[in-house]
**Student:** 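My questions will all concern the structure given below.
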Amino acid sequence: MNHNKENNSLSGNCLPTELTVLGSTGSIGTQTLDVARMHGYGIKALSAHSNFRLAEEQAREFHPQTVCMTDETAYKELKARLADTDIKVIYGKDSLCETAALSCDMVINAVVGMVGLEPTLAALGAKNRVGLANKETLVTGGELVKAAEKANNVDIVPIDSEHSAIFQSLMGNRGNKIEKIILTASGGPFFGYNKEQLKSVTREQALHHPNWNMGRKITTDSATLMNKGLELIEAVRLFDVMPEQVEVVVHRQSILHSAVEYEDGAVIGQLGVPDMKIPIQFAVTYPKRLLSCSKKLSLFDVGTMTFERADEETFVCLAEARKAIAKGGTAPTVLNGANEAAVALFLDGKIPFYRIGELVSECCASVPYSEKVTLAAISESDAAAREYVMKNK
Ligand code: NDP
Ligand code: MG
């Protein structure tokens, strides 16, 4: 059912779009629903993990066919709360894949962590276009995802702001060789700190990002620069370039969201205010552009844009990500699994900030990886990395 399709459209130019939003209660998920509300898109299905209160509000507003909860207690609560409606409430990891496979115009994958991999594959298998925010999907199972995209002849459109910028910079350049991808990074809250200074930073400081308001896991990843490491791997997978072709550039203002350099020396980039609704909306409307409620960029207000190198000796996660993609196989899964486990410990107050990078480095040096990338090998490498971190924290 389409939600307020006529009344709510600002653009007056609605595409007939019905979305499924996985991770609808998170930062990207709620902003996706803001875009859907503005343009009057229908919502086929939603998924959330623990936040049954927000999931109930969203279900009552958008009236999806199905809501999938991946936490059992939250599922039972939501099922009881929605008993007066005809909305189907389902539970579990397989159900998340079933939800992703329901026929719709686009599945927005905005769950956090590598738990998003199988739903991405399920969506592609059902020939649903995918708007991909969940970067861990490409880090762990990039080869499988790209193969599924090709086999099913269906698009993946990136939502991560840098990859959306690269995607946009590639438009109209099919067949032209990419010389280099310029992947911009805000540098996070601790840019310029040395190793000693990182020893005393607090969780509150780490969770205060200078430019973006995001979920806790990606905000922590931005502070360690692991986010840029994951994004480097994401770029290699999405755009089929060599890791050496991706240059990380710290750009504190987050206005240039990334760029592509071509053989002739032309550099084409995408600029805009730091607002995820812009890449989210573009993923849905691509190749069209519609009116959005985001602020417009004033270069006079920005004034100065700066570009610097990242300090990979201090922010070891970025260096580890480079090593992992160079090794190939499931090495990026080991990196990602170690990071997911270490970040969860940090967010629970069990380890200090600087231990995240140390644990990731130690784990990548110790845990073997498989050359072959299959779902079973990914799952094994992920489990081994998490186990290493829990034992050595
Ligand atoms: P949030 O933490 O804000 O939201 C995560 C979503 O995933 C929530 O809906 C949450 O449910 C759900 N979830 C949590 N754990 C599980 C699980 N085990 N199984 C299934 N679903 C789960 O994250 P963000 O929105 O910030 O990020 C989502 C993804 O998008 C990440 O991969 C991130 O790297 C990427 N991304 C985010 C950006 C941003 O600006 N936020 C920018 C670029 C990429 P509940 O809340 O109900 O527990
Ligand atoms: Mg990003």
Side-chain angles (χ1 to χ4, degrees), residues 20-34 46-59 67-75 77-78 90-97 99-100 108-120 130-140 158-167 183-188 207 209 211-222 224-235 238 248 251 254 256-258 270 274-280 283 336 339-340 343-344 347 382 386:
T20 284
V21 185
L22 307 182
S24 65
T25 46
S27 162
I28 295 289
T30 50
Q31 293 180 83
T32 302
L33 291 178
D34 290 342
L46 298 171
S47 94
H49 185 64
S50 58
N51 193 346
F52 57 82
R53 286 191 182 83
L54 184 54
E56 181 190 359
E57 268 177 43
Q58 294 176 339
V67 182
C68 174
M69 296 301 283
T70 41
D71 175 85
E72 192 174 0
T73 313
Y75 154 72
E77 185 69 40
L78 186 69
I90 59 176
Y91 161 68
K93 201 176 159 203
D94 291 346
S95 302
L96 189 57
C97 290
T99 307
I108 303 290
N109 188 344
V111 304
V112 60
M114 82 152 248
V115 68
L117 175 58
E118 289 183 48
T120 295
V130 174
L132 194 57
N134 176 260
K135 63 191 80 185
E136 296 88 351
T137 290
L138 286 164
V139 170
T140 54
I159 286 180
D160 208 349
S161 59
E162 296 78 2
H163 304 76
S164 174
I166 297 161
F167 186 82
L183 185 69
T184 53
S186 73
L207 288 177
H209 194 279
N211 303 340
W212 299 95
N213 188 5
M214 311 178 284
R216 282 161 28 116
K217 194 262 178 181
I218 184 175
T219 305
T220 309
D221 287 347
S222 298
T224 60
L225 289 201
M226 178 56 97
N227 186 46
K228 220 38 61 179
L230 299 177
E231 289 185 356
L232 187 153
I233 300 173
E234 188 184 1
L238 274 173
V248 173
H251 164 49
S254 297
L256 172 64
H257 297 301
S258 282
Q270 183 251 330
D275 179 347
M276 285 308 296
K277 282 190 198 128
I278 298 174
I280 291 169
N336 181 72
N339 184 57
E340 285 195 27
V343 170
L347 289 173
D382 177 64
R386 287 172 195 268

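Each ligand, and each atom within it, is numbered from 1 in the order the structure gives. Keep in mind it's a predicted model, so treat the numbers as computed, not measured.
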**Student:** Please identify which of these residues, Ile159, Leu132, Ile28, meets the side-chain contact (heavy atoms from CB on, under 4.5 Å) condition with Asn109.
**Tutor:** Leu132

**Student:** Out of the N/O/S atoms in Glu162, what is the name of the one closest to the Mg ion (ligand 2)?
**Tutor:** OE1

**Student:** To which protein heavy atom is atom 3 (O) of ligand 1 closest, and what is the distance rounded to 0.1 Å?
**Tutor:** Ser27 N, 2.9 Å

**Student:** If only side-chain N and O atoms count, and only distance matters, is there a donor-acceptor pair under 3.5 Å linking Asn339 with Asp221?
**Tutor:** yes

**Student:** For ligand 1, which atoms have a heavy atom of Val115 less than 4.0 angstrom away?
**Tutor:** 17 (C), 19 (N)

**Student:** Quick one: nearest non-hydrogen protein atom to atom 34 (O) of ligand 1, plus distance?
**Tutor:**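 Heavy-atom neighbour on the protein nearest atom 34 (O) of ligand 1: Lys135 CE, 3.2 Å.
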
**Student:** Against heavy atoms of Ser50, which atoms of ligand 1 measure under 4.0 Å?
**Tutor:**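 Contacts of ligand 1 toward Ser50, numbered from 1: 45 (P), 47 (O), 48 (O).
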
**Student:** Examine ligand 1 and decide if any of its atoms is less than 4.0 Å from a heavy atom belonging to Lys217.
**Tutor:**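 The answer is no: ligand 1 sits nowhere under 4.0 Å from a heavy atom of Lys217.
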
**Student:** So, Gln270 side chain and Ser258 main chain: donor-acceptor pair closer than 3.5 Å or not?
**Tutor:**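 No, the answer is negative, given that no donor and acceptor are paired below the 3.5 Å cut-off.
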
**Student:** Write out the residue and atom name of the closest protein heavy atom to atom 27 (O) of ligand 1, then the distance separating them to 0.1 Å.
**Tutor:**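 Nearest protein contact, heavy atoms only, for atom 27 (O) of ligand 1 is Ile28 CG1, 4.3 Å.
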
**Student:** Test Ile108 against every option in Leu22, Leu33, Thr32 by the side-chain contact (heavy atoms from CB on, under 4.5 Å) rule and name the one that passes.
**Tutor:** Thr32

**Student:** Quick one: which of Asn336, Thr140, Asp160 gives a side chain to side chain donor-acceptor pair (under 3.5 Å) with Lys135?
**Tutor:**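 Passing option: Asp160.
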
**Student:** In terms of residue, atom name and distance, what is the protein heavy atom nearest to atom 26 (O) of ligand 1?
**Tutor:**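 Closest protein heavy atom to atom 26 (O) of ligand 1: Gly215 N, 2.9 Å.
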
**Student:** Within a distance under 4.0 Å of any heavy atom of Ala133, pick out the atoms of ligand 1 and give their elements.
**Tutor:**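 Near Ala133, the atoms of ligand 1 are 30 (O), 32 (O), 35 (C), 36 (N), 44 (C).
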
**Student:** What residue and atom, counting heavy atoms only, is the protein's closest point to atom 45 (P) of ligand 1, and at what distance?
**Tutor:**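 Sorting protein heavy atoms by distance from atom 45 (P) of ligand 1 puts Thr25 OG1, 3.2 Å first.
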
**Student:** Counting heavy atoms only, which of Glu234, Arg216, Gln31, His49 is nearest atom 15 (N) of ligand 1?
**Tutor:** His49

**Student:** Look at atom 6 (C) of ligand 1 and say which protein heavy atom is nearest, naming residue and atom and giving the distance to 0.1 Å.
**Tutor:** Ala110 O, 3.6 Å

**Student:** Run through His209, Lys228, His251 and flag the one making a side chain to side chain donor-acceptor pair (under 3.5 Å) with Ser186.
**Tutor:**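 Checked His209, Lys228, His251 against Ser186; only one passes side chain to side chain donor-acceptor pair (under 3.5 Å): His209.
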
**Student:** Would you please say whether a donor-acceptor pair under 3.5 Å links the side chains of Asn51 and Thr25?
**Tutor:** no

**Student:** Measure the distance from atom 43 (C) of ligand 1 to every protein heavy atom, then report the residue, atom name and distance (to 0.1 Å) of the closest one.
**Tutor:**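 Residue, atom and distance for the closest contact: Asp160 OD1, 3.0 Å.
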
**Student:** Among Val111, Asn51, Ile108, Ile218, which one puts a heavy atom closest to atom 29 (C) of ligand 1?
**Tutor:** Val111

**Student:** Would you tell me whether His49 and Thr70 have side-chain atoms, one donor and one acceptor, within less than 3.5 Å of each other?
**Tutor:** yes

**Student:** Output the list of atoms in ligand 1 that are nearer than 4.0 Å to some heavy atom of Gly26, sorted by atom number.
**Tutor:** 1 (P), 3 (O), 4 (O), 8 (C), 9 (O), 25 (O)

**Student:** Heavy atoms only: which of Val112, Asn227, Leu138, Leu132 lies closest to atom 5 (C) of ligand 1?
**Tutor:**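 The nearest heavy atom belongs to Val112.
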
**Student:** Angle at the Mg ion (ligand 2), OE2 of Glu231 to OD1 of Asp160, rounded to 10 degrees, please.
**Tutor:**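 Taking the Mg ion (ligand 2) as the apex, the two atoms subtend 100°.
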
**Student:** Could you identify the single nearest non-hydrogen protein atom to atom 20 (C) of ligand 1 and state the distance to 0.1 Å?
**Tutor:**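 Of every protein heavy atom, Thr70 OG1, 3.2 Å lies nearest to atom 20 (C) of ligand 1.
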
